[in-house]
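A, B, ... follow the sequence lines: proteins, then strands. Residue 1 opens every chain.
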Number of protein chains: 2
Amino acid sequence: MLSYTEENYLKAIYHLSDSGTKAVLTSEIAETMNTKAASVTDMIKKLSNKNLIAYEKYYGVKITKQGRHEALMVVRKHRLWETFLVQKLQFSWDEVHDVAEQLEHIQSSLLIEKLDEFLEFPTVDPHGHPIPDKSGKIVEVRQIPLSECSGKKKIIVRSVKHGSPSFLQYLSKIGVYIGASVSILDKVEFDGSLEIMIDSKKKVFISREAAQNLLVTE
Amino acid sequence: MLSYTEENYLKAIYHLSDSGTKAVLTSEIAETMNTKAASVTDMIKKLSNKNLIAYEKYYGVKITKQGRHEALMVVRKHRLWETFLVQKLQFSWDEVHDVAEQLEHIQSSLLIEKLDEFLEFPTVDPHGHPIPDKSGKIVEVRQIPLSECSGKKKIIVRSVKHGSPSFLQYLSKIGVYIGASVSILDKVEFDGSLEIMIDSKKKVFISREAAQNLLVTE
DNA sequence: ATATTTTTTTAGACTAATCTAAATTTTTAT
DNA sequence: ATAAAAATTTAGATTAGTCTAAAAAAATAT
Ligand SMILES: [Mn+2]
Ligand SMILES: [Mn+2]
Ligand SMILES: [Mn+2]
Ligand SMILES: [Mn+2]
């Protein structure tokens, strides 16, 4: 069984590797885990000895099949708990991350299966991120940043790329939510900002950074 | 803030001290925590330095006002989570303890207040144990072991003294639950066992040990 | 192609929580 | 009252996870 810390490292490596596809550098892990490179090297060796990652000295790590599965189970728990907090306890979507960061480490398969059932088997979390099923299957729907859309097509907001509390609060403030329907009214040449229409009733300007962080389907 | 381990020790000391009234010996703590006396001595010093317990060398510890409050907050979380597991996730009362043992350490006052509200401010947990409120107030209703009851009065089962899974499963099997109404039909002189009537419809014999572990009001 | 800079690893140290074995204190028995 | 037994504390190690500083390797710049 993995320790609390091992789970956190493995999950970070999973996310940094684009869901397990590419190699991850020691410095990247240190950055996201808020630790020093020396500490990362130690942990890397531990995870490597457990065959959760493949480690080549000086060239970073790649997550193994087994490691990806373990990471997905942590992601599953994180996203199910976030869904619970929002849907059942009335948390707002910007309040759930830190609590889920703790809850994801509770060890009980019975608990997580019952929670999944209680929530009626949700497929995405409050930020639009897919929830892996109990076998680790995850349905990644192809999404593009709003900043790369053009024309007058109907666009649906599907998820946020990075869900920092301040960004999420900003979205709530301007009326953007997962599932919202938007259309692009104008693209400002000067700074890449967009004028958008939300749900056919509200016009707002959003910055290029904001548009890059909103993932949508056309 | 207390560590996971400090919280567990403090809660154990609280329970061993009869809700904070009497002194607790090193060996008792070691016994319930499944650790060695030497480890307990180390932890005792830590908790004493934080003024959560008063420690007198070789004579055990007494919980302080502050320590009692901290312990009650852990007990509150434990019992609210148990209530959630049974009432919302359909756990049975013999399955909840180990999971609650983990969940009680989640740090988020928002979470626990919202959970309390979601459960509609329960006053007792699935084992009949009182749930402290957010200020640490706990309503201890006077209860006596069924083994000390006599006569034909109406008796209500209020809680279990020790809720081991096997005892709880046994109770479910014979139809005893928190709130059940029982009456004593006969007391066997030989071994102290009782013949009881449950909910005016089911007669069973229970051992003296079982009767001593069932707390009731007359 | 070499030298400089950056990244990574190693070495050695620290804290929290645990242990075993030895020393000390208290309790119990004679 | 003294000796034996039991409980407790201390001393010294160990493991997980972290750090700083030094050494080694890789990447970059001239
Ligand atoms: Mn976490
Ligand atoms: Mn999320
Ligand atoms: Mn616990
Ligand atoms: Mn309980």
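In this structure, B/E31 atom CD and D/dA7 atom P are separated by 11 Å, rounded to whole Å. Between B/M43 atom CE and D/dT10 atom P the separation is 16 Å, expressed in whole Å. Rounded to an integer number of Å, the gap from B/N8 CG to C/dA16 C1' is 14 Å. Between the CD1 atom of A/I44 and the C1' atom of D/dT18 there is a distance of 15 Å, given to the nearest Å. Here C/dT8 presents its P atom at 14 Å from CD of A/E56, a figure rounded to the nearest Å. When the C1' atom of C/dA16 is taken as reference, atom NZ of B/K50 falls 10 Å away, rounded to whole Å. In this structure, the CG atom of B/D42 is 11 Å from the P atom of C/dA16, given to the nearest Å. In this structure, A/E28 atom CD and C/dT8 atom C1' are separated by 13 Å, rounded to whole Å.
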Problem - Working for ring-ring contact (aromatic ring centres under 6.0 Å, His included), residues B/H97 and B/H127 - result: CA-CA 10 Å; B/H97 186 80; B/H127 311 110; 7.4 Å; no

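Residue B/K45 places at least one side-chain N or O closer than 4.0 Å to OP1 or OP2 of D/dT10. The phosphate of C/dT9 has OP1 or OP2 within less than 4.0 Å of a side-chain N or O from A/T26. In terms of phosphate contacts, B/S39 brings no side-chain nitrogen or oxygen within less than 4.0 Å of OP1 or OP2 of C/dT18. Using a 4.0 Å cut-off, some side-chain N or O of A/S27 falls inside it from OP1 or OP2 of C/dT8.
Minimum heavy-atom separation, A/V160 to A/I178: N-CD1, 4.4 Å. Of all heavy-atom pairs between B/R68 and B/I63, the closest is N-CG1, 3.6 Å.
Side chains of A/Q66 and A/N51: a donor-acceptor N/O pair is absent below 3.5 angstrom, by distance only. Counting only N and O atoms by type, the side chains of B/S92 and B/E95 include a donor and acceptor under 3.5 Å apart.
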Practice task
List the protein contact pattern of nucleotides 21-27 of chain D with one symbol per nucleotide (5' to 3'): B for base contact, S for sugar-phosphate-only contact, - for none; contact means a heavy-atom distance under 4.0 Å.
Solution key: ----SSS

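Between B/R76 and B/E113 a salt bridge is recorded (basic side-chain N to carboxylate O distance below 4.0 Å).
If you run side chain to side chain donor-acceptor pair (under 3.5 Å) between A/T217 and each of A/R142, A/R158, A/Q143, only A/R158 comes through.
Here the nucleotide nearest the side chain of B/Y55, chosen from C/dT9, D/dT9, C/dT18, is D/dT9.
Among the heavy atoms of the strands lying under 4.0 Å from B/Y9 are primed sugar atoms or P, OP1, OP2 only; no base atom is included.
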